[in-house]
Amino acid sequence: MSRLGLIALILAIGISPRIPLPIAIPGRDFDLRIEDLLIPVLGAYLCLKKGRPHLPRLVGAMALYMVPVAVASVIGIVRDTTTSSRALVFGLKEVEYFCLFLVVCNLTRRLRDVQVAANTVLLVGLANALWSLWQLGTGTTGQLLNISPSMTGAFSYDTYRVSQSYGPGLIGELSPFSAGGLYMFVLLMALARAWLTKSRKEQQVCHGLALCATLCLVVTESRVTIVGAVLGAGLLALLFGVRRLARPLAFGLLVAIGMLYVTSNSEYQLSGRMSENGVQSSASIRETAVWPIVLSSGPWLMVGFGKGALNYARELPITEAHNQYLRVMAESGICGLLCFLLLLVSTLRASAKLATRGSFVITRAVGAATLAGGVGLASAAIFQDAFTAVIPNELFWLLAGLTVAALRIEAQIAGGARQGEPATEHWLRGRYVGQKGRWPSPLSAVARDLAIVTSGLASPLRDECLSGGCDTFSKR
């Protein structure tokens with residue numbers, strides 16, 4: 001059940017349609033996604049079936065960040081710089097990201113769960129990429145799954161805004177950044193898997209997925225996510241050895257340059273976003289029309305105007321800050337910005353620990369993808385409200401939950417080995433997930449006996465996966 005819930009959650013994040021609802025929020029349409037329903041359902045299942053959920057250290061940083069957010073929002077409602085509905089929508093969305101992190105962390109109980117989740121992320125990326133390539137090749141535009149506002153009674157919903165999300169570069173999202181963020185994480189996950197595994201077949205599959213994700217990333221013409229993907233790939237190269245990756249990186253650079261040239265004259269070109277004039281115009285808007293407004297909004301900037309203040313408060317007549325750090329400071333003050341940076345650094349630190357010290361290929365790949373994707377989002381946040389887009393943030397916190405769960409699993413496996421039990425037997429028993437003495441089938445007993453016999457012939461944790469023969473669970 002836990003593994004099925006994890007798969008359903010990832011599939012919902014990757015392919016869920018927006019469900020327009022007739023809920024009135026000043027200056028904003030209200031969307032519901034399938035994962036918005038799955039997260040509380042899975043959370044309730046964990047609490048009722050599994051007892052008290054595991055609370056990692058990152059929960060403290062999350063709670064600390066939400067304190068200035070809540071205080072600034074209450075003050076903003078009193079000062080009429082935001083409304084209760086806007087504060088709840090924007091604030092609860094961030095709470096949902098943190099709940100997603102907790103749900104994934106507690107649903108992931110075995111190394112096999114980590115592998116299944118990582119494979120599902122790649123599968124979701126492939127499904128979206130194939131749909132984008134189909135649209136690109138046939139000239140059709142549409143959403144993989146679409147729910148019309150008329151079906152839900154949301155007649156006031158901006159249907160023109162929905163139609164703008166059609167096309168191979170948007171996959172049903174309203175901004176190129178959201179689609180580009182999805183492909184960025186898929187690209188980095190595929191590269192991490194390809195550059196860590198020793199399996200030739202897995203390398204070929206992951207390199208093919210990376211190439212496909214790169215093509216779709218360029219088609220989105222999301223500048224900041226392309227830059228973030230380049231920075232993330234460079235970080236992976238530093239982690240895993242620059243010399244060994246020189247040729248793949250050079251090849252990837254040539255492919256990216258070629259695809260940029262091909263798409264520069266494409267019928268799907270989005271107003272010349274990739275042209276020099278497009279980049280200069282975007283930078284000029286930020287420097288002259290957006291950032292000065294945020295920075296000159298008075299001493300209340302230090303306290304914060306509350307969640308949802310942008311495009312509502314008189315001092316902030318803009319829909320986006322085009323800088324996540326300025327947005328956080330405008331909404332929750334300088335204390336909120338410091339707490340946000342603490343949370344981000346703590347998450348990246350945990351990812352770096354798993355990427356550099358992990359004992360298994362799959363866990364190191366997940367940690368490296370989380371670290372590279374987090375660095376990509378953090379760099380994109382300089383020029384975009386990167387931590388407000390739904391899909392990139394859900395993928396980031398999902399991978400962060402997998403990372404923390406993998407750290408816990410590895411620590412429990414190592415703890416069992418230190419107690420004198422052979423690590424292979426310890427892994428087969430699944431005792432690191434709190435299932436002492438429980439065996440799912442008679443075959444497990446046979447595997448346990450084989451592990452006991454072979455534990456003296458092979459170093460602990462260096463055996464390949466006993467059931468599959470692959471190096472996914474092998475030690476680095």
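If you read the sequence from its start, that first residue is 1, and numbering goes on from there. Please read all numbers here as calculations on a predicted model, not as lab measurements.
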### side-chain contact (heavy atoms from CB on, under 4.5 Å) between Ile10 and Leu123, intermediate numbers included
CA-CA 10 Å; Ile10 299 172; Leu123 178 63; over 6 Å; no
### Query
Which value, rounded to the nearest 0.5 Å, describes the distance between Ser359 atom OG and Glu410 atom CD?
4.5 Å
### Task
Please determine if Arg327 and Glu320 form a salt bridge, counting it only when a charged side-chain N lies under 4.0 Å from a carboxylate O.
no
### Task
Assess whether side-chain contact (heavy atoms from CB on, under 4.5 Å) is satisfied between Met184 and Leu377, documenting all intermediate values.
CA-CA 9 Å; Met184 180 185 73; Leu377 276 184; 4.2 Å; yes
### Summary
For residues 387-404, the side-chain hydrogen bond (donor to acceptor under 3.5 Å, both in side chains) pairs (sequence neighbours left out) are Thr370-Thr403
### Task
Work out which heavy atom in Ala229 is nearest to a heavy atom in Leu217; give both atom names and the distance.
CB-CD2, 3.6 Å
#### Entry: salt bridge (charged side-chain N to carboxylate O under 4.0 Å, His left out) pairs, two or more places apart, involving residues 1-14
Arg3-Asp113
### Separation between CG of Leu11 and CG of Leu6, rounded to the nearest 0.5 Å
10.0 Å
### Task
Please work out whether the ring planes of Phe340 and Phe387 are parallel, tilted or perpendicular, with thresholds of 30° and 60°.
perpendicular
### Query
Looking only at side chains, do Ser85 and Thr83 share a donor and an acceptor under 3.5 Å apart?
yes
### Sidechain-backbone polar pair: Asn106 side chain, Pro53 backbone, donor-acceptor under 3.5 Å
no
### For Asn323, all residues meeting side chain to side chain donor-acceptor pair (under 3.5 Å), sequence neighbours excluded
none
### Task
Could you tell me which non-hydrogen atom of Val121 sits nearest to which non-hydrogen atom of Val186, and how far apart they are?
O-CG2, 4.0 Å
### Message
Minimum heavy-atom separation for Ala368 and Ala355, please, with both atom names.
### Response
N-CB, 3.6 Å
### Task
To the nearest 0.5 Å, tell me how far Ile382 CD1 sits from Leu326 CG.
10.5 Å
### Summary
In short, Leu46 meets Val103 closest at the heavy-atom pair CD1-O, 3.8 Å
### Asn128 to Tyr183 - nearest heavy-atom pair and separation
O-OH, 3.1 Å
### Message
Can you tell me which residue among His207, Gln203, Glu202, Gln115 is in a side chain to side chain donor-acceptor pair (under 3.5 Å) with Arg193?
### Response
Glu202
